[in-house]
**Student:** 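Take this structure first; my questions come after.
All chains are named by letter (A, B, ...) in the order of the sequence lines, taking the proteins before the strands, and each is independently numbered beginning at 1. Computation of the quantities below employed the complete heavy-atom set of this structure, encompassing side-chain atoms and omitting hydrogens, waters and symmetry-equivalent molecules.
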There are 2 protein chains.
Amino acid sequence: MNRTASIKDVATHAGVAVGTVSNVLNYPDRVSDRTRERVLRSIDELGFVRNDAARQLRVGHSRTIGLIVLDVGNPFFTAVVRAAEDAAALQGSAVLLGDSGHNAGREANYIDLFQEQRVQGLLISPVGDVTDRLDLLRERGVPTVLVDRLADESKFSSVAVDDDAGGYLAARHLLDTGRRRLAFVGGPTSIRQVADRLQGARRAVKEEPDASLEVLEAEGQTVLAGRSVGDMLVERGRAELPEGIFCANDLLALGVMQSVTMTHTFRIPEDVALIGYDDIDFAVSAVVPLSSIRQPTQLLGRTAIELLSEEVESRNPVHRSVVFTPELVVRQSTAALSAR
Amino acid sequence: MNRTASIKDVATHAGVAVGTVSNVLNYPDRVSDRTRERVLRSIDELGFVRNDAARQLRVGHSRTIGLIVLDVGNPFFTAVVRAAEDAAALQGSAVLLGDSGHNAGREANYIDLFQEQRVQGLLISPVGDVTDRLDLLRERGVPTVLVDRLADESKFSSVAVDDDAGGYLAARHLLDTGRRRLAFVGGPTSIRQVADRLQGARRAVKEEPDASLEVLEAEGQTVLAGRSVGDMLVERGRAELPEGIFCANDLLALGVMQSVTMTHTFRIPEDVALIGYDDIDFAVSAVVPLSSIRQPTQLLGRTAIELLSEEVESRNPVHRSVVFTPELVVRQSTAALSAR
DNA sequence: TCGTACCAATGAAACGATTCAAATTTGCTG
DNA sequence: CAGCAAATTTGAATCGTTTCATTGGTACGA
């Protein structure tokens, strides 16, 4: 098999100059109909495919955008990725996806790789505190947008979701449906997202003089962690059962639900209302469909791409931080108590 | 900000020739210690990052491998992707990931993109019957390995999992734990995977003269579809309840489980045993931990990369099809009946 | 018939790396 | 210290595009 055809081969075959072939590819209306067709036919016959490396070398940058996420398996990120891909495709770019898996080493590898590839810019939900490495990128002139993390606006643009507002929404909804003694179930408050959601919930509870909020620490953000909290509640008995429970994420909520429905001690939502966070696919198909807080993942992905484009286009770096407000999704698990 | 430093800038700064800098980068031991250090220092001071496009243009191909999957959100593919990335990294390549989302158009876009990028090769779990497009790739000399789909060995290499064997394993396990009247719950048998799993289950049932297998059609592969099958079983009553149920995937099984445990009509595994397929993360943390069939996703991803490497290295194309055998994971949902 | 404008097409000069034959230096040996 | 081999360094040629100043044609008005 001989090597693939180049633009020069096409030019010879069509009997035109290389520049003309290039024009057919990039500025079709600079070329007369007759020659354009001739060139296109040659391209087809030779099976020519443009060599992007050469193009990139000449124009100085690629048409790709690097995107590094903490975990592609996480539904939140999967949704963001998909939205970003779509938005990028619309403006003629492609997304190179990297999964750091919460691992700083892998993250560093991807950053290096993407720099060698001369990506137009980088979207990243960084592992821990990596401002040093990101500063380096900035110095090298690689436009960067932080995803799901607020940034020092003097340095980076960023997109994030307002977790405080989400927490408020959830607690307010429990209060609005008549519950007064509430509980918050969440992992370590060292995680920024968890702390913010709790803070928002506290804010809502303060608005009602007769309302209270108990914090139930869970070890981790998993179904199993939720279940052990649920088991604990079952053991405590009905007297100490909160009227409404807000879990820092849907997995925890599902765990609590399992524990409660399995033992059949309490009914959801009659004895206790339950609301989660993230609105994962499983929420709607839980034993009792789970109310939740939905994050605007689509918007997040699309906006990230838009902010990046802004940075790429303009010379002088004006950074923006965009914060979205999450949305309440009401399902059966928090149905209002019928009047008694 | 001035443009990024090139190899020539480094050469000038270090007072050597460009060839020497290149050697430092690619063949460090061809260079004396003294100059190597000097060059490395210059690289550091100038913040030089190799331009991969130029490198690629010269050597004729990239160091990347294209990977197109049907759905990154699907845990099966997520696992395969991760394994492929790791295996590729080990041999110094990076993976470009594309998500076709079962959409032939997006798939075609990614194929074109990857060709322009001159990827070393392509791993793909194709949308429907796209042998034409793949034939074209083959003609153009892009080594390709099919993932999760058997291939005509004269044309492509492929990696897949033996779904017939998986079906056999599941049914055999139900039989081995003393169940005789079995049921298969699955989506349309037009899906190859579903048909194969059913066929394997039938094979196992035939081995026991007193065993039977009923097929319960589900519309789709979701939790909700499973739940409606479960509701139907509950309605039919205990007399017609199968002793063991094999679901074509874990989501279906979780749906059946929800329906059954929620209404508290039957107990799992005492009244009916339940086994799923895929061993998703949720299986272990279901209300009753779910037995399942685990596919060797890691091996799948790693082997796909290895097969691809083989094709890339060798001139003459010898294709291989590798089929893996899945593995039984026993949990509480199929616990053996205690002697009565 | 000439001048002017416009449109298409041309082809040489980059872009930044790798490669490799040739030039130079170094290290030994006698 | 000459002579030779091995080790190191050099730099021009090359990869396949895009870009853009230049050339060649054609049409139109004066």
**Student:** Without decimals, in angstroms, what is the distance between Leu57(B) CG and dT14(D) C1'?
**Tutor:**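 Whole-Å distance recorded here is 9 Å.
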
**Student:** Classify the nucleic acid contact of Ser32(B) as base, sugar-phosphate or nothing, counting any heavy atom under 4.0 Å across all strands shown.
**Tutor:**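 Sugar-phosphate only.
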
**Student:** Let's test your reading of the model: under 3.5 Å, does the base of dT18(D) pair with the side chain of Arg58(A) as donor and acceptor?
**Tutor:**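 Checked by distance alone, the answer is yes.
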
**Student:** Any side-chain N or O of Arg50(A) below 4.0 angstrom from OP1/OP2 of dT18(D)?
**Tutor:**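 Answer is yes, contact under 4.0 Å.
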
**Student:** Could you tell me whether the phosphate oxygens of dT10(D), OP1 or OP2, come under 4.0 Å of any side-chain nitrogen or oxygen in Thr20(B)?
**Tutor:**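 Yes, because at least one side-chain N or O of Thr20(B) sits under 4.0 Å from OP1 or OP2 of dT10(D).
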
**Student:** Ignoring backbone atoms, establish whether Asn51(A) has a side-chain N or O less than 4.0 Å from OP1 or OP2 of dT17(D).
**Tutor:**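 No, because none of the side-chain N or O atoms of Asn51(A) sits under 4.0 Å from OP1 or OP2 of dT17(D).
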
**Student:** Return no unless some side-chain N or O of Ser6(A) is found under 4.0 Å from OP1 or OP2 of dC15(D).
**Tutor:**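 For Ser6(A), the contact criterion (side-chain N or O under 4.0 Å from OP1 or OP2 of dC15(D)) is not met.
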
**Student:** From the set dG11(D), dA17(C), dT17(D), return the single nucleotide nearest to any side-chain atom of Arg55(B).
**Tutor:**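 So the side chain of Arg55(B) is nearest to dA17(C).
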
**Student:** Go through the structure and list residues passing side chain to side chain contact (heavy atoms under 4.5 Å, CB included) with Ser125(B), not counting sequence neighbours.
**Tutor:**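 Ser125(B) satisfies side chain to side chain contact (heavy atoms under 4.5 Å, CB included) with Val69(B), Leu70(B), Phe77(B), Val147(B) only.
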
**Student:** Given atom NE2 of His61(B) and atom C1' of dT19(C), what is their separation to the nearest angstrom?
**Tutor:**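 About 14 Å, once rounded to whole Å.
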
**Student:** Let me know the distance between CZ of Arg38(A) and P of dA9(C), rounded to the nearest Å.
**Tutor:**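 Roughly 8 Å, once rounded to whole Å.
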
**Student:** Run the side-chain contact (heavy atoms from CB on, under 4.5 Å) test on Glu107(A) and Ile111(A) for me, step by step, so that the C-alpha distance in whole Å, both residues' side-chain angles and the decisive distance to 0.1 Å come before the verdict.
**Tutor:** CA-CA 6 Å; Glu107(A) 177 179 87; Ile111(A) 292 181; 4.2 Å; yes

**Student:** Is Asp112(A) paired with Arg50(B) through a side-chain N to carboxylate O contact shorter than 4.0 Å?
**Tutor:**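 No, no charged N to carboxylate O under 4.0 Å.
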
**Student:** What nucleic acid atoms does Val31(B) come within less than 4.0 Å of, heavy atoms only: base, sugar-phosphate, or nothing?
**Tutor:**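 Answer is sugar-phosphate: Val31(B) comes under 4.0 Å of backbone atoms only.
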
**Student:** Please determine if Asp135(A) and Arg138(A) form a salt bridge, counting it only when a charged side-chain N lies under 4.0 Å from a carboxylate O.
**Tutor:**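 Judged by the 4.0 Å cut-off on N to carboxylate O distance, Asp135(A) and Arg138(A) do form a salt bridge.
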
**Student:** In whole Å, what is the span from the CD atom of Glu37(A) to the P atom of dA8(C)?
**Tutor:**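 Taking CD of Glu37(A) and P of dA8(C), I get 14 Å after rounding.
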
**Student:** Mind checking Asp52(B) for me? I need base, sugar-phosphate or nothing, with any heavy atom below 4.0 Å counting as a touch.
**Tutor:**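 Asp52(B): no heavy atom of the nucleic acid under 4.0 Å.
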
